[in-house]
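Only this structure's heavy atoms are used, side chains among them; waters, hydrogens and symmetry mates stay out. This structure is a prediction, so every number in the text was calculated from the model and none was measured.
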Amino acid sequence: EEEDIVLRPISITRPKEYPGTIVIDRGFSETFLNRLLNYYKTLPSCPPGKVSCTTRRYLYDFDESICNTIQNVFSRASGDSSSFAFRKFRVLSYEHVDGFVPPHVDLSRTYYEIFERKIIEHQRSNTGTNRDEVRSTHTLILYLTDCEKGGETRLIHRLPRPDDSEDQQERDLKSSHDVKPRRGRL
């Protein structure tokens, strides 16, 4: 029997800066999370292209079972059945205590028709476009483990600028939102 999914919109001082940002808890079964964690353990780590505190691995969902599960949970929680997940996932793990990724904004990714024919067809049927590529619109974070101390992902609305005043830095900090890692949290 499935537990009720808990959907929590991110509530911050200026909500326009996080449009559509949500946290979903209790959407995934332990079987699914264990399967993903087992996949993760078999993936080779990629050599870092730059100095980083994370180990990066890549997973391609050949049978679309991961994408379908994520899409199902997202659709059940949000009521949005038009969104979909790309089949290529970057999996980050923090190998050292106190590791962190500096503030950044995730760029959209482009996936081309040769790799993602189904997504292209989905986009064409829902938007009427004939483009041969699809650009991502959101970043998905799925926590596979709990972290009792630290480990938060801080959502920021803009990157800090070298000429920011202390007041601006304080306003930015107050309008950020920390998401605590919890196993199965999306």
Engineer: Any sub-3.5 Å donor-acceptor pair from N68's side-chain atoms to E64's backbone N or O?
Structural biologist: yes
Engineer: Can you tell me if CD on E30 sees more than 12 non-hydrogen neighbours from other groups inside 6.0 Å?
Structural biologist: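 More than 12 within 6.0 Å, yes.
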Engineer: Can you find a side-chain donor-acceptor pair between R183 and Y143 that sits under 3.5 Å?
Structural biologist: no
Engineer: Are T69 and F74 close enough that some pair of their side-chain heavy atoms sits under 4.5 Å apart?
Structural biologist: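 When only atoms from C-beta onward are counted, F74 and T69 do not touch, as no gap falls below 4.5 Å.
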Engineer: Determine whether a donor-acceptor pair (N or O, by modelled atom type, separation under 3.5 Å) exists between the side chain of Q71 and the backbone of A85.
Structural biologist: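 Answer holds: yes.
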Engineer: Between T55 and Y94, is any pair of side-chain heavy atoms under 4.5 Å apart?
Structural biologist: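 SC-SC contact between T55 and Y94 ruled out.
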Engineer: Contact between I141 and T153 at the side-chain level, heavy atoms closer than 4.5 Å - yes or no?
Structural biologist: yes
Engineer: To the closest 0.5 Å, what do you measure between CZ (F32) and CG (L142)?
Structural biologist: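 That separation rounds to 6.5 Å.
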Engineer: Is there side-chain contact between Y58 and V91, with heavy atoms separated by less than 4.5 Å?
Structural biologist: no
Engineer: Tell me the closest heavy-atom pair linking G151 and P181, and the distance in Å.
Structural biologist: O-CG, 3.1 Å
Engineer: Quick one: pull up CZ in F28 and CG in L36 and give me the separation to the nearest 0.5 Å.
Structural biologist: 8.0 Å
Engineer: Is a side-chain donor or acceptor of N38 paired with a backbone partner of N34 at a separation under 3.5 angstrom?
Structural biologist: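 Answer holds: yes.
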Engineer: Go through the steps for L59 and Y40 under the test side chain to side chain contact (heavy atoms under 4.5 Å, CB included), then give the verdict.
Structural biologist: CA-CA 8 Å; L59 172 84; Y40 164 78; over 6 Å; no
Engineer: Indicate yes or no for a side-chain donor-acceptor contact from R182 to the backbone of D146 under 3.5 Å, with no hydrogens or angles considered.
Structural biologist: no
Engineer: Quick check: do R26 and R185 have side-chain heavy atoms less than 4.5 Å from each other?
Structural biologist: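 Sidechains of R185 and R26: no contact.
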Engineer: Roughly how far apart are Y60 OH and Y39 OH, rounded to 0.5 Å?
Structural biologist: 14.0 Å
Engineer: Establish, from distance only, whether the side-chain atoms of R35 and S65 form a donor-acceptor pair under 3.5 Å.
Structural biologist: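 On atom types as modelled, these side chains qualify, holding a pair under 3.5 Å.
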Engineer: Report yes if some heavy atom in the side chain of L43 is under 4.5 Å from a heavy atom in the side chain of F89; otherwise report no.
Structural biologist: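 Contact flag for L43/F89 side chains = no.
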Engineer: Is the shortest heavy-atom distance from the side chain of R56 to the side chain of R90 under 4.5 Å?
Structural biologist: yes
Engineer: Test your reading of the model: is there a side-chain donor-acceptor pair from K180 to the backbone of G150, 3.5 Å cut-off?
Structural biologist: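 Yes; at least one donor-acceptor contact below 3.5 Å.
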Engineer: Between V23 and L186, is the side chain to side chain contact (heavy atoms under 4.5 Å, CB included) condition met? List the steps.
Structural biologist: CA-CA 6 Å; V23 172; L186 179 64; over 6 Å; no
Engineer: Quick one: does R57's side chain have a donor or acceptor within less than 3.5 Å of a partner on L92's backbone?
Structural biologist: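 No: the side chain of R57 does not pair with the backbone of L92.
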Engineer: Kindly determine whether D167 and Q169 satisfy side chain to side chain contact (heavy atoms under 4.5 Å, CB included), including the steps that lead there.
Structural biologist: CA-CA 5 Å; D167 286 345; Q169 292 173 20; over 6 Å; no
Engineer: Quick check against the 3.5 Å criterion: does D61 have a side-chain atom that pairs as donor or acceptor with the backbone of C67?
Structural biologist: yes
